[in-house]
Amino acid sequence: MNHQAVSGSGLDQKAKPLKLRSRPWTATLILIGGLIALALGIAISVSFGAADIKLSVVWTAVFHFNPDITEHQIIRELRLPRVLGGVMVGASLAVAGAVMQGMTRNPLADSGLMGINSGAGFALAVCFAFFPGLPFMYLILYSFVGAGAGAGIVYGVGSLAKGGLTPARLVLAGAALSALLSALSEGIALYFRIGQDLAFWYAGGLAGTKWLQLQIMAPWVIAALLGAIVLSRSITMLSLGEDIARGLGQRTGLVKLAGTLVVLILAGASVAVVGAVGFVGLIIPHLTRYLVGVDYRWIIPCSAVLGALLVVGGDLTARMINPPHETPVGAIIALIGVPFFLYLARKERREL
Amino acid sequence: MQSHKIISTEDTRRKHGLKVIGVLAVLIVMMFIISVNTGYIRLTPLELLNTLVGKGTEKQELILFQFRLPRIVISLLIGTALAVSGAVMQGVFRNDLADPGILGINAGAGLMVMLLISFYPTTSAAPVYLLPVVAFAGAACTAALIYSLAYKRHQGIAPIRLLLTGVAVAAGMSAAMIVLTLRLDPDKYQFVATWLAGSIWGTSWKFVLSLLPWIVILLPYVFYKARVMNVLNLGEQTATGLGAHVSKEQFRLLAAAVGLAASSVAVSGGIGFVGLVGPHLARRLVGPKHQLMLPASALIGALLVIAADTIGRWILQPSEIPTGIVVAVIGAPYFLYLLARTKS
């Protein structure tokens, strides 16, 4: 059994780089087209809402801001931070997913499935219950810590076992840890009667995004995204298998450490801004790999753009479905993501 | 000579198993006494005995017969049903990680309950007796959905695919539930949240009666099938070779397991991990033979739920921690431990 699995993956390692090449032209096209679409999405998102605002007004609100005009204020204080938050979160989650999938060679890796979201959620439940009115700075810090602890446990349990980190094991460990942490969060929520506040946050919504949040998050996120791009070459090698990467002279331990740090910052920051939006990190890297091939130097930037598009689009849909009520964007993306996950689980034969 | 030896080890094993079962039964009785005594008003063992034979005060009788006993009986029944359901699922799929909760059955029941609650204007107007029915329907439909999504032609049901499908479907249902959550008013929300967290809310004899038929019918059926499950455990090919109609038996047993799980989810909400932990401990204590393993799991499950319910009532008196939360806090680390130990 074991021997078969080893030789199977060995074959795979040889065959993959030959069979699947990277497609830089497609990638460039995706980057340019994606950025244009994103700009369009941002414009639509800013002008669409409870009060429809003309694009020309949007333009003047951004570039010739006049605090006396209500529409300008709506754009400045509500809509712009919201859509920019969407861009940031989408890019972060998609890149975090891509880095995780590349590093672990695990097609089902995603921050939502790996205990990161529930870890951050638990940390926030504790903060809401025991330190109400905690400044946002600290909330973010604690949600980072929670995300890190969640990921650490899932990853640790998955890799401690004989046979290593198979996709199924990772998903199951993630499911069990999520069950545990959400049981604890639920207990806290029920006791302190903060359940619905927590649910609002956890459901994933961009509605409450504020400039302050963006200001605090942006430097971290940008640094981590740049870090992911710097790491992308090494991740491509890692994705061919650890032995090959080591054979090519890579310090795999160091790369994995840096990659994990990048993932934690990106996922932790996103969870702190919008709550638990799952499946972005699962779908987008798959889609991107399908489109541009196996080279993470292309996969990572393309994932960032496509992820941002997905979340901005999802948020727009969330506002349109049932106005004036907000539907959580996390729920919408989960409803897209679940069938996709089911499809992957069916397709995957070798390791599952 | 050799065959004689085998028979004798078989015999000692059975004796050992019966001993374990006896100890478990004694533990349950002890837990029962503790549980009756836990709560706002305490009953000493003597008072308890007096009340049971009808010599207690009116107040004592009210507390015992109307509040505590039905709840304890329900928690025992639920524990039994969930653990046996988990044991059957693990046996049928030959996968030690199968559990009704992980397979998404709780999520399906939860979604239906949430739908029912959110369509009624107030919590009091919502027909409480409809809840178990709706929850049962939700659980059964979800099980059928997951089964059909995980089914592949020529390959049948691969255990891992089933688990992943269950996880995904549960995620989708939770997403849908969150959407509904946000529209509920706070009172309703609190009710649904408590239900979802797995609190034993059906605490009157009516719920015992609604649960009992399922258990009275399905439990003997499953025990009767113990030998078939032993054969199934040998693997599909061997089982077919030994003359078992594998896919038919699998389907029947699975239907029984779903019936047990769904009926207990209906009165207790989403209690997870009992179906996982119970059979595991049982297997470790009495070995893999289902004739012993099934009753042992039933008893461990009952013990686990009654203990969790008692702890939940005791820790934060006078408010309660839902049983499901206590069970998850015990069960999830155990699951992770198992996951880290099993080979792929």
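Convention: sequence-line order gives letters A, B, ...; per-chain numbering from 1.
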Peer 1: Using a 4.5 angstrom heavy-atom cutoff, name the option from A:Ala183, A:Ser178, A:Gly156 with the most pairs to chain B.
Peer 2: A:Ala183

Peer 1: For the interface with chain B, which of A:Leu180, A:Ile332, A:Leu335 has the highest count of heavy-atom pairs at distances below 4.5 Å?
Peer 2: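 Sorted descending by pairs with chain B, the first entry is A:Leu180.
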
Peer 1: Less than 4.5 Å to any heavy atom of chain B: does that hold for the side chain of A:Ile153, its backbone, both, or neither?
Peer 2: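 For A:Ile153, the side chain is the part near chain B, not the backbone.
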
Peer 1: Has the side chain of B:Asp99 got a donor or acceptor atom that lies under 3.5 Å from a matching backbone atom of B:Gly275?
Peer 2: yes

Peer 1: Is there a side-chain contact between B:Leu304 and B:Leu281, using heavy atoms and a 4.5 Å cut-off?
Peer 2: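 B:Leu304 vs B:Leu281: side chains apart.
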
Peer 1: Any side-chain heavy atom of A:Gln101 within less than 4.5 Å of one from A:Leu282?
Peer 2: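 Side-chain contact under 4.5 Å: yes.
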
Peer 1: Looking at side-chain heavy atoms only, is the closest gap between B:Val169 and B:Leu149 below 4.5 Å?
Peer 2: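 When only atoms from C-beta onward are counted, B:Leu149 and B:Val169 do touch, with a gap below 4.5 Å.
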
